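One structure is given here, and the rest of the page talks about it.
Because the structure is predicted, anything quoted here is derived from the model rather than measured. For this chain, numbers begin at 1 and follow the sequence in order. Below, all heavy atoms of this structure are taken into account, side chains as well, without hydrogens, waters or symmetry copies.
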Amino acid sequence: MLKKIAIVLLILLIIATGTYVVLSSQKQEPATLIGRWVHDDNGAVYTFHNDGTVEIELPKLTPYTANYIMDEASGTLEIQLIVDSQIQRQESAYFLEGNTLTLTSSLTGSVVTMTRQPD
């Protein structure tokens with residue numbers, strides 16, 4: 001009788017452990033813009049910070065810092081650059097999925113993809 005109870009308890013333990021492992025592997029952190037992204041076509045590097053700034057590194061040019069506004073409700077991302085003392089705004093619809101950021105220009109409809117880089 002004790003042997004049967006021990007076997008049942010062991011089986012329940014195995015099932016519980018397996019269930020925990022499966023549920024833990026399915027649980028993912030929500031996608032975030034914060035981090036380092038590389039433009040898939042031109043190699044530009046965008047590093048988004050929590051404070052609303054983004055460092056932009058373009059090949060063969062001096063890096064610069066811009067501001068960004070991310071509106072999760074509308075799914076838009078606006079990058080504000082200051083060029084020759086004037087603010088230029090680039091607004092895009094954004095979609096985050098895994099390590100891919102897709103930006104669609106609200107003016108031209110052009111699509112850009114970026115890949116997240118490890119920290």
Side-chain angles (χ1 to χ4, degrees):
M1 179 74 165
L2 286 176
K3 188 174 182 180
K4 287 182 182 181
I5 293 174
I7 291 172
V8 169
L9 289 175
L10 182 60
I11 290 171
L12 289 175
L13 180 62
I14 292 170
I15 291 171
T17 303
T19 302
Y20 173 79
V21 169
V22 169
L23 292 177
S24 295
S25 67
Q26 290 176 348
K27 183 181 177 183
Q28 295 179 351
E29 294 296 319
T32 179
L33 184 65
I34 305 306
R36 184 177 166 95
W37 299 85
V38 175
H39 190 292
D40 291 339
D41 292 333
N42 68 16
V45 177
Y46 291 71
T47 305
F48 292 90
H49 301 280
N50 283 325
D51 66 358
T53 61
V54 56
E55 294 174 37
I56 303 170
E57 302 169 52
L58 301 166
K60 300 182 183 179
L61 295 175
T62 303
Y64 58 94
T65 300
N67 295 313
Y68 73 91
I69 300 169
M70 183 174 162
D71 185 343
E72 293 182 32
S74 66
T76 58
L77 173 68
E78 180 179 308
I79 297 178
Q80 302 173 345
L81 316 168
I82 297 177
V83 179
D84 296 329
S85 300
Q86 295 195 10
I87 296 176
Q88 296 182 2
R89 292 176 171 85
Q90 299 172 347
E91 186 174 310
S92 303
Y94 75 90
F95 180 70
L96 278 170
E97 183 173 35
N99 289 327
T100 302
L101 170 62
T102 303
L103 301 172
T104 305
S105 170
S106 57
L107 293 176
T108 65
S110 63
V111 177
V112 168
T113 58
M114 295 186 193
T115 302
R116 182 184 302 278
Q117 300 299 300
D119 293 332

Taking only residues two or more places apart in sequence, or in another chain, which ones meet Thr104 in a side chain to side chain donor-acceptor pair (under 3.5 Å)?
none

With a 4.5 Å cut-off on side-chain heavy atoms, are Thr32 and Arg116 touching?
yes

Rounded to the nearest 0.5 Å, what separates atom CG in Leu77 from atom CD in Glu72?
11.0 Å

Please table the atom pairs, donor to acceptor, closer than 3.5 Å between any side-chain atom in residues 90-102 and protein atoms at least two apart or in another chain.
none

Reported OG-to-CZ distance for the pair Ser106 and Arg89, which is rounded to 0.5 angstrom
12.0 Å

Spacing of Met114 atom CE and Leu33 atom CG [to the nearest 0.5 Å]:
9.0 Å

Nearest heavy atoms of Tyr64 and Leu81, plus distance in Å:
CE1-CD2, 3.6 Å

How many angstroms lie between atom CG of Asn67 and atom CD of Gln80, to the nearest 0.5 angstrom?
6.0 Å

List the residues meeting side chain to side chain donor-acceptor pair (under 3.5 Å) with Asp41, not counting sequence neighbours, and say none if there are none.
none

N/O donor-acceptor pairs under 3.5 Å from side chains in residues 53-63, not counting sequence neighbours:
{"from": "Thr53", "atom 1": "OG1", "to": "Asp51", "atom 2": "OD1", "distance (Å)": "2.6"}
{"from": "Glu55", "atom 1": "OE2", "to": "His49", "atom 2": "NE2", "distance (Å)": "2.8"}

Within this structure, what is the CH2-CG distance for the pair Trp37 and Leu103, rounded to the nearest 0.5 Å?
9.0 Å

Who are the side chain to side chain donor-acceptor pair (under 3.5 Å) partners of Asp71, not counting sequence neighbours?
Ser74

Gln117 side chain vs Thr115 backbone, donor-acceptor pair below 3.5 Å
yes

Are Val45 and Ile79 linked, directly or through intermediate hydrophobic residues, by side-chain heavy-atom contacts shorter than 4.5 Å (ILVMFWY only)?
no

With Leu107 via side-chain contact (heavy atoms from CB on, under 4.5 Å) - residues at least two apart
Ser105

